[in-house]
Structures are given as C-alpha cells and as structure tokens.
Amino acid sequence: MQRFLSAPEIDFGAIRDELGVSEDYGAEAQYEADHAEDRYAADREDRTDLPLVTIDPPTSLDLDQAVHITADADGFLVHYAIADVGALVVPEGALDQESRRRGTTIYLPDRSVPLHPRSLSEGAGSLLPDRTRPCMLWTIRVSADGTATDATLRRARVRSVAKLDYAGVSADAAARRLHPSIAALPAFGELRRRVALDGGAVELDLPDQEVIRDGRHWTLRLAPDTPADMWNSQLSLLAGMSAGRIMADAGVGLLRTLPPANPDAVTGLRAAAAALGVSWPADITVGQFLAGLPKGRPSTLALMSAGANLMRGADYLVLDPAQERPGADKVRHAAIGGVYAHVTAPLRRLGDRFATEVCLAITTGQAVPGWVSRALPTLPRLLRSAGSLASSAERAGIDLAEAVLLAGRVGERFDAVVLHAATEHRPARVFLTEPAVIAPCDGDPGQGERLTVMLRDADPSTRKVAFAPA
C-alpha cells in the first residue's frame, strides 16, 4: 500500500543547536568576507570571452564551477573555472581561521550553514551569471579514447553567461537543444564514465533521500537522478584526477584516498549476487557489474547496499617532499580508479582551496606558498571532523523528517525492500519508496526480499522510526 505523506512544519533548528552549527562567524571574519578583495586582480588572464555556464540545483547560489567544453576529431577541450577563494580569503586571517574551524558547509533541509559567510560564498566568490569573477581556470585536453593528455591551471577572470540546472540540462539534451557551451557534455560524460569503469572505478547507485518543501508542506522523496548529474560529476572527477596526478608526481599536496576493497568484501558481494540469482561473469569488474544492474529491482538495491562494504577507509593524505613517498596503493582512490584530490568546491569544502594553490604553484614553477605548506599537515584532521559533522547533520535531518511524517501512522502497512539482512550487531534495514524512508525492521527478512511491513514506532522527539514484518 503506497501513500503520499507530508507535514506542514518541521523544526530543524534544534539539530543545528545540538550540533553547535550557526552563521555567527565572528565580527572580524564577517568583516573580511564583506570586504573581500581579489589579491591577484592585476595578474589575471582575461577570459571573459569564454561563454561559461554553471550547472547546479535551481536554488543554489554558492556556485563553485563553470564549464565550457568543445569536441573535435582529437577528443574534447574542457575549460573548467573554479571559484578562486584563495584570492579572497586573507591567508591566516580571521576568516581563514574561522573556515578551518568549520571545515565544510553544513546542509539541513530548511537551509545550509555555509563554510564562508554568504557575502562571499553567495556573493563575491560565487560564479553567478553575468558577473565578472576571479577563478582558477583548468584547461584540460581529453583524447578521443577518453584519456586526459594535458592539464594547465592559471588565475583568470571569467564571466558566466547562464545558470543551468540538472533537470533542465537533461531535458535539453533529450530534446537536442543543449546550450552551445555544453553541447559536447553528454558525449564527454559517457566516454569518461566508460573509461573509469574499465579502469576499476566503482559507482554505488543507492537510494538518495531528499527532504523538500512542496508548497507549504514538507515531504520526503528520492532525489532526482538525471543524466546531467553523471555528466557533471565526470567534469569534477576529471579536474580532481588531474590535480591528484600533478601533486602525486611532485610529491607535495593533499590527496583524497581510498584503499583497495577488502577481498572478503568482494567475496561477500559475489555471494550476495549468487543468493539473489544475479549472474556475475568472472571477467567483469566490480564496478562494471554494479553499473550493469537494472535500475529499480529489489536485487539491485540490495547489491548496491552490500557494495558499500567495498568503500571502507576513505581518508586524506598529505604529501610532504621532505618525507618518503608512499606506495601506489596508498595514494590511489580505489573507487575512482586513480589518484584524486578535492579541488572543485572551495566555497563549500575547506581542503579544495589549499590543494588548488599547490597545483597552481607546481604547474607555474613557483614555490608552494608558506601559508599553504603550514596548513597542509593540519588539514586531514580538520576535514575528517567536518565530514563527520556534515554526515551527522544530514542523517539527523532525514531521521527527523521520517519521524514527523510517520508520526500518527503507527500500525499502518507499507511496501518495502530489504536493503540489509539482520546481523548480530544491527537489525535489518528496509527501504520504502513512498514515502522515501530507510529504517530498521524487526525479524530476519532476507536481503533483497520484497515484503509488507508495519510501522511499529515513529517518535519525533528521538528521531526514531522502526518497522516490523506485517
């Protein structure tokens, strides 16, 4: 039995209070953000001739990236502009210190709490349309076989000509009316995805819950999964892998890493596939197997969920030229299939600003700035802590929405799919498509099983929801 559930009000403020998250940046940091100036204005290359466009959620104003991509017989030429936060934040000043304390933008359904004050993150630093802005401009050549053959980085000034969104780009692509600046994006994205999967990359297409206000009511749904999301992610991955390779070759910088999957986890995934009756040929990689699963089937949801066990141990690694270089497995991101760094979201993520400055220094033959070198050893701990806080906020917001929307429905029945079977340490978890809920379930239902469940508990005060087999 399916039904649409909504609630007129949900108070997410208590979660911000509980986590100690606010938009009070302190007077000095706020002043620096309000009066941010481009410290490199006189040295920038003028690339306002590039008709760049941004692709973001419709309501986003903190626009980190803008793109222009063209195709020719040799492949693709990508111009990828990234907000130049390093030029606007005074090194080791009050705003720099405050951003290090925060580490990342925190998202809750009603509003975000930005890493930097909105006057910078949604103003002076954002690549808003029809505004001339400072940027770090990546220019990357991608060959016809999908290989990145050349990457350069420089400071430039640019001017975005349009603010696009994922659903609109996907619809325009289907109707063959894409903006000229990204007419080549679908072909580029599909090519780079094939290359990544062939190289061992792993994608997990798990249900992504989203709490939204629909008119005057809050609802839970699955986040839209559009082709443009994947195409755009391939742009970010291209820049991140280019940056990672630049820093790894030079032996200095900040990488995002993930160790190879534990063989036991791969064996467990193969056993789960066999138990669910899903064929997995021996010559197909994990990533190719998961990418080839039909969307929407209970067995696919269960296997994607089991595949999360492959993604254990993500971390940050500082490369120090004064120390011995780590081995190849230590610097790679196994799920991406190569060396990788975060460099494309400096308005929202602390480490991107520092990694980009390292890349610029290396590619221009300059010394890494002292303020960057001093910060690098401290960043992994800051980023781990910020990532944990962001995950806690996201989960708490969804948990609260689930509990509020289901309160008063105890005893009702819902159709569900079992994502995880019960173990010694945790109950089974089930997935409801309407409303889009993931929650514990009593008993011992089998992974991938379709079943009807009864809502046993929904308590907004504890943000807990639980089901039992009906």
Side-chain angles (χ1 to χ4, degrees), residues 193-194 196-209 222 225 230 256-315 317 327-338 340 384 387-388 391 394-395 398 415-433 436-451 453 466-469:
R193 181 173 186 258
R194 288 197 301 273
L197 291 173
D198 289 345
V202 177
E203 301 173 356
L204 292 181
D205 187 14
L206 284 165
D208 194 4
Q209 296 164 281
L222 293 183
D225 182 15
M230 186 277 287
R256 183 64 166 153
T257 62
L258 181 72
N262 186 307
D264 289 342
V266 179
T267 300
L269 184 61
R270 284 193 174 274
L276 292 167
V278 179
S279 174
W280 184 349
D283 60 341
I284 298 297
T285 68
V286 172
Q288 291 168 335
F289 167 69
L290 292 174
L293 295 173
K295 289 182 178 292
R297 289 188 183 176
S299 58
T300 297
L301 292 173
L303 289 170
M304 289 289 180
S305 187
N309 292 324
L310 306 173
M311 311 293 191
R312 306 294 187 193
D315 205 351
L317 174 67
D329 277 352
K330 297 292 185 181
V331 302
R332 284 173 57 88
H333 193 294
I336 291 172
Y340 178 66
R384 284 193 292 267
S388 177
S391 296
E394 180 181 13
R395 188 63 252 171
I398 292 173
D415 296 334
V417 173
V418 181
L419 290 181
H420 297 287
T423 69
E424 181 182 352
H425 303 290
R426 68 179 186 188
R429 292 187 71 80
V430 294
F431 167 57
L432 284 62
T433 57
V437 170
I438 298 175
C441 182
D442 299 340
D444 191 23
Q447 187 177 39
E449 178 184 345
R450 282 190 185 274
L451 76 166
V453 295
F467 292 89

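The structure presented is a predicted model; accordingly, all values stated were derived computationally and were not measured.
- When the shell of 6.0 Å around CZ of R297 is examined, it contains 12 or fewer heavy atoms from other residues, nucleotides or ligands.
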Show me the donor-acceptor pairs within less than 3.5 Å that the side chains of residues 280-287 make with the rest of the protein, sequence neighbours left out.
from	atom 1	to	atom 2	distance (Å)
W280	NE1	I284	O	3.0
T285	OG1	Q288	N	3.1
T285	OG1	Q288	OE1	3.2

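- Remark: the backbone N or O of L301 is not paired with any side-chain donor or acceptor of S305 at under 3.5 angstrom.
- With salt bridges taken as basic N to acidic carboxylate O contacts below 4.0 Å, one links D225 and K295.
- No donor-acceptor pair closer than 3.5 Å links the side chain of S388 to the backbone N or O of R384.
- Looking only at side-chain heavy atoms (C-beta outward), C441 and P469 come within less than 4.5 Å of each other.
- With a 4.5 Å cut-off on side-chain heavy atoms, R450 and D415 do not count as touching.
- In terms of heavy atoms, Q447 sits closest to A306 at NE2-CB, 3.8 Å.
- For the pair L222 and D208, the minimum side-chain heavy-atom distance is 4.5 Å or more.
- Side-chain atoms of L290 and M304, non-hydrogen and from C-beta on, do get closer than 4.5 Å to each other.
- E394 has its side chain out of reach of Q209: every pair of non-hydrogen atoms, C-beta onward, lies at least 4.5 Å apart.
- Side-chain atoms of E449 never come within 3.5 Å of backbone atoms of V418 as a donor-acceptor pair (strictly under, hydrogens ignored).
- D329 has its side chain out of reach of P259: every pair of non-hydrogen atoms, C-beta onward, lies at least 4.5 Å apart.
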What's the verdict on side-chain hydrogen bond (donor to acceptor under 3.5 Å, both in side chains) for T257 and H333, showing C-alpha distance, side-chain angles and the deciding distance? CA-CA 4 Å; T257 62; H333 193 294; over 6 Å; no
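- The side-chain heavy atoms of L419 and I438, taken from C-beta on, include a pair separated by under 4.5 Å.
- Put simply, the side chain of V278 reaches to within 4.5 Å of the side chain of F289, judged on heavy atoms.
- Taking each heavy atom of I336 and A201 in turn, the nearest pair found is O-CB, 3.6 Å.
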